[in-house]
Amino acid sequence: MFALLLLQLFLAFPFSASAATAVLTDYFRESWSTRQGLPHNTINSISQTPDGYLWFATWEGVARYNGREFKVFGREQQTGLPDSGIRALHLDPKGRLLLGGSRGGMALLQDQQWRPVDPVSSLVNEVRGDAKGQLWVGTEGGGLFCLQTDGSRQQWTRHHGLPSNTIYSLLHDKQGGLWVGTAEGLAYLHDGKLTKVANSPKSPVFALTFYKNQLYMATERGLFQQQGEGFVLVQPELQHTAISRLLVDHHGDLWIGTVEEGIFRLSNYGLEQLTAKQGMPNNRVLTIYEDNEHSIWLGTNGGLFRLRDAPFATLSTEQGLPDNFVRTVLQHSDGSIWIGTARGVARYLNGKLLTEQNLLPEQSVLSLAETATGDVLVGTYSSGVFQYSDGKLTKLLDRSSGLLSNEVRAILPLQDGSIWLGTAQGLNHYQAQQMQSYTTREGLTADFVVALHKIGDVLWIGTGTGVTRLVNGKFEPLPLSQLDQTEYAFDFFEQAEQKLLWLATDRGLVRYRLDTAELSLVGRKAGIPFDKIFQVQADLHGNLWLSSNRGILRISQQDANAVADGTATSIAYELYGESDGMLSAQANGGSNPAAILAQDGALWFATASGVSRVQPDRLAVFAEATPPVVLEELLVNGVTQKISDSIELPPDSDRVELHFAGLGYVMPGRIRYRSQLIGFDANWLDRGQQNFAEYTNLAPGRYEFQVQAANPGGKWSETARIELIKQPYWWQTRNFQWLSALSSIALLLLLVYWRMSSLRHSEQRLKRQVAEKTAELQQKANSLQAADEEKSALLAQLHQQTLALALQARQDGLTGLANRRAFDEVLSKEFMRSQRLKQSMALAFIDIDHFKKINDTWSHNAGDLALVAIAEKIRQHSRSVDCAARWGGEEFALLMPSTSLEQAQLVCERLREEIMLLDWLDIADGICITVSIGIAISDELNDAKQLLFLADQALYQAKQQGRNRVCAA
């Protein structure tokens, strides 16, 4: 019997089966529907073309997905389809996407070019292409069609031996044969000979696949495997299940889609199931697909569903947590992880939640700690502290024992057996059955204590209004308000070797040097995207991980120290949230510990929806995949142009926009781009996550636009490129320029000749008249003198008019500020000066928010008055060395030489606030005007164009973040 049991286990888990990446319930799940841009919620088929696009067949067209948005193709001239209903997709061996659907309509797509195919007589259920280029079409009631490359076609029906004229599935084998799944069983076609497959189930065959070198058949009565001349039922638990789709993934695992019971997976974990209870849009699976990044896509009647690996994995009530609201997490010395939730404590050990060992199911747990003897102390929200020792749980302390409050947010056991406890009403010290209490009366900065840490003989206490240190029995406040008015201290993280203490606060990350007592802030000014940081943890790779209300941040320790030391002004970061595997980006703080580094190097974070963990070693895996990049759209003067390898631009092409997409689907929102317009840009421009480039007023000539994409930390993709040829106006052609030069020379020679001839004639005439005119000239001397004075006055008047015209050419007529031409000259001159003197120069772009609404609502005259008022306010904030200009429309520019980024931010913030507070009643009732400002600094830039680009990018960021704000590049 023992041998038989071993044999059964051996058969149940064959050694040849490759391990799946994770249990099915640990996969990160996402769904899409018509709310996210799908044309229809029924997803009939899925495919991916060689360029990287994903395609989804629906009853309202086929949707192309680039990771950010869907583009729908339906019944239109471009596709040639007779109807928008698409039933089947297939990528053939030649890289062509085959589409089939309603009214027998079919089309081919290759290299983004559509080619219609003559329709067949019935609804297309399935399409396949073979290596010869032939198209095989399974229909609803019309049998099987083969479309030859020469345009001829052949049809098979019941008359030719098919069990049924309704075809649901097609599968080519290595012998060149075609398996045909019909509504009444299986058929096989080879070398033109069609035969019914004996002993196959006489029921609808919805899907076919080869799994472990055996033919598997999905029917409405379960899953069958071919054995010899017959078929046997496999997975007896599915014998009454209608199976709709099959897929073998890159691990060799079998995915089984059903009509009413969701999705199953057969792997080394056994047979697992997901249904609508676990987040699927619908239990009816119409298609299953694995993309190039090994994500599994499911098409259902209720929308699109994806299962994928993610940087973070989350334990929730679905895996057995007593509650999803997690406050605290603790790494125990025995290797287990303790998790404190709103409904008690759970334990995690060796990859499993020990649900049978859950504790305190009626308590909301705030804090956890391990004593020197291995006992666990549990701080609760309303019942004080419990102690878990030798498998027994007892009440240790509460208000009746001397606790200031039963709300215990931090616990610090010491080696001597004493315990420090931070509560909502003050600090307690418990030693030898004696309790001491400390509040603001004894010197605490606040009674609300959320964090405790001990370094040597000094106890560090984090409260709601700052940090207090207990030194030699006396409380000493640590002043933090000078650091951007910091108050809350949520956590302490010590790096003893570096003699550093990091503080998580409500104004960012504070660094305290233990040797010099120096305080520094790494906060919003350095680029941290929000104020509140709850917990700090260091991984084993030189990074700091910060939890917050809006996700988990990862920053480099080296970069953080550079900012704190003043050798850097900004810091790069990675922000992780729901799209990275967290059920909620809201991490919890105000209790400790809420983040830990586990013994295996993973980091665990308490969140509002479970406890999330990340293994930093695995992050490189997500950067390995390089998303291909494609050019999606070219707009010339706002009009879409057809994309080809080379585009000729007409002479009046003042504005050229290129939109592109990195076709990655695991982290589409964090794909980075860089581009270069050869012939215009000297170097690659880092565009961050911005997926478009815009160029204005390009000079005539030949250019090449190049763009690349990369995942964070990954390699750049192959370059997508397009040639742009800007045609000149007729007066800009070389022939016209030569002709103009020759004509000018000829005209000049003619004028010289005429002038010389005229002078000679005048000389002769004067000589003849000199005698007779002497008297007359004498008489007219006074008149000539008066004429000379009049001429001098006229010349002076002309000089004044010339000066006025020169001023008009450099000044904006409405606002009186410098115009674009004058500003460009000043920018070029000041940029070279800043480079020569190695001084910082700041540039700010100021754009009036919703200016069109002002013109449309209150008239263009009101808009002009607003422009004049804002120009005056900008002029008031400008120094004599600054240059303020109207850049165009509702946009202004302010150039500030010898100005740092911090100084520029202060000036612009004051300007923004004063404009926001202006009284506009003189213009119109109810008008309210704000501005968005983008700032860039010339440090480390080699070209004034880069400064313009960075300032424009910062302005774009300010508008994207909600307007009425100042953003720095």
Side-chain angles (χ1 to χ4, degrees), residues 51-53 66-69 71 112 626-664 668-712 716-727 824 843 845 847 887-889 891 893 932 934 936 941-961 967 969:
D51 55 16
Y53 282 114
N66 64 7
R68 293 172 180 248
E69 59 186 0
K71 183 175 181 179
Q112 300 187 33
T626 301
V629 65
V630 294
L631 289 166
E632 288 198 321
E633 191 174 23
L634 169 66
L635 292 93
V636 178
N637 294 341
V639 179
T640 301
Q641 305 293 318
K642 184 177 180 181
I643 293 180
S644 61
D645 293 337
S646 182
I647 302 291
E648 287 196 5
L649 305 176
D652 62 347
S653 303
D654 298 326
R655 182 178 180 183
V656 178
E657 295 179 64
L658 296 115
H659 294 252
F660 37 84
L663 300 181
R670 293 218 296 276
I671 292 176
R672 300 180 297 123
Y673 300 95
R674 67 176 185 178
S675 69
Q676 181 181 22
L677 184 62
I678 297 176
F680 182 83
D681 297 323
N683 301 296
W684 286 94
L685 296 178
D686 186 354
R687 295 193 173 274
Q689 279 98 40
Q690 181 177 303
N691 64 332
F692 68 91
E694 181 179 347
Y695 298 93
T696 57
N697 299 319
L698 288 174
R702 189 180 297 270
Y703 304 90
E704 184 179 62
F705 180 76
Q706 299 182 346
V707 62
Q708 295 178 328
N711 281 319
W716 290 107
S717 68
E718 294 292 328
T719 303
R721 61 188 79 232
I722 186 173
E723 184 182 46
L724 303 174
I725 304 172
K726 175 75 176 293
Q727 298 294 340
D824 287 342
L843 172 62
F845 276 153
D847 191 89
W887 185 256
E891 190 171 351
S932 299
L941 299 182
N942 299 321
D943 190 344
K945 292 179 181 178
Q946 292 177 308
L947 184 62
L948 289 169
F949 171 79
L950 291 175
D952 190 60
Q953 192 176 40
L955 177 60
Y956 176 82
Q957 181 183 354
K959 286 189 170 295
Q960 288 297 107
Q961 292 182 2
C967 287

J.: Return the SG to CD distance between Cys967 and Gln960, rounded to the nearest 0.5 Å.
T.: 10.5 Å

J.: Roughly how far apart are Glu632 CD and Gln112 CD, rounded to 0.5 Å?
T.: 8.0 Å

J.: Side chains of Glu704 and Gln706: any donor to acceptor distance under 3.5 Å?
T.: yes

J.: Is Asp652 atom CG crowded by more than 12 heavy atoms from other residues, nucleotides or ligands, each under 6.0 Å away?
T.: yes

J.: Asp943 side chain to Gln946 main-chain N or O, any donor-acceptor pair under 3.5 Å?
T.: no

J.: So which atom in Leu724 and which in Val656 form the shortest heavy-atom distance, rounded to 0.1 Å?
T.: CD1-CG1, 4.3 Å

J.: Do Thr719 and Gln708 pair up side chain to side chain, a donor and an acceptor below 3.5 Å, judged on atom types alone?
T.: yes

J.: Using only atom types and a distance under 3.5 Å, with no angle test, would you say the side chain of Asn697 pairs donor to acceptor with the backbone of Arg655?
T.: no

J.: For Val636 versus Leu649, what's the shortest heavy-atom pair and its separation?
T.: CG2-CD2, 3.7 Å

J.: Do Asp952 and Phe845 touch side chain to side chain, with heavy atoms closer than 4.5 Å?
T.: yes

J.: Just grab all the side-chain hydrogen bond (donor to acceptor under 3.5 Å, both in side chains) pairs involving residues 675-686, residues at least two apart or on different chains.
T.: Ser675-Arg687, Asp681-Tyr695

J.: What are the two closest non-hydrogen atoms of Pro628 and Gly52, and how far apart are they?
T.: CG-CA, 4.2 Å

J.: Mind telling me whether Tyr956 and Phe692 have parallel, tilted or perpendicular rings, with 30° and 60° as the class edges?
T.: perpendicular

J.: Check whether Thr640 reaches the backbone of Leu635 with its side chain - one donor and one acceptor, N or O, closer than 3.5 Å.
T.: no

J.: Would you check, one step at a time, whether the test side chain to side chain contact (heavy atoms under 4.5 Å, CB included) holds for Phe705 with Glu723?
T.: CA-CA 6 Å; Phe705 180 76; Glu723 184 182 46; over 6 Å; no

J.: Say you draw a straight line from CG of Asn637 to CD of Glu657; how long is it, rounded to the nearest 0.5 Å?
T.: 9.5 Å

J.: Quick one: are Asn711 and Ile671 in side-chain contact, heavy atoms under 4.5 Å?
T.: yes

J.: In Å, rounded to the nearest 0.5 Å, how long is the span from CZ of Arg702 to CD1 of Ile678?
T.: 13.0 Å

J.: Please tell me if the side chains of Ile722 and Ile647 come closer than 4.5 Å, counting only heavy atoms from C-beta onward.
T.: yes

J.: Are Leu663 and Tyr53 side-chain neighbours, meaning at least one heavy-atom pair lies under 4.5 Å?
T.: yes

J.: Apply ring pair (Phe, Tyr, Trp, His ring centres under 6.0 Å) to Phe660 and Tyr673, showing your working.
T.: CA-CA 9 Å; Phe660 37 84; Tyr673 300 95; 5.3 Å; yes

J.: Roughly how far, to the nearest 0.5 Å, is CD of Glu633 from NZ of Lys642?
T.: 15.0 Å

J.: Looking only at heavy atoms, which two atoms of Val629 and Val707 are closest? And how far apart?
T.: CG1-O, 3.6 Å

J.: Run the side chain to side chain contact (heavy atoms under 4.5 Å, CB included) check on Trp716 and Arg674 step by step: do they pass?
T.: CA-CA 9 Å; Trp716 290 107; Arg674 67 176 185 178; 3.5 Å; yes

J.: Rounded to the nearest 0.5 Å, how far does CG of Leu955 lie from CG of Leu950?
T.: 12.5 Å

J.: Determine whether a donor-acceptor pair (N or O, by modelled atom type, separation under 3.5 Å) exists between the side chain of Lys726 and the backbone of Leu698.
T.: yes

J.: Which atom pair, heavy atoms only, marks the closest approach of Pro650 to Ser653?
T.: O-OG, 2.7 Å

J.: Show the nearest heavy-atom pair for residues Arg68 and Pro668, with the distance to one decimal.
T.: NH2-O, 4.1 Å

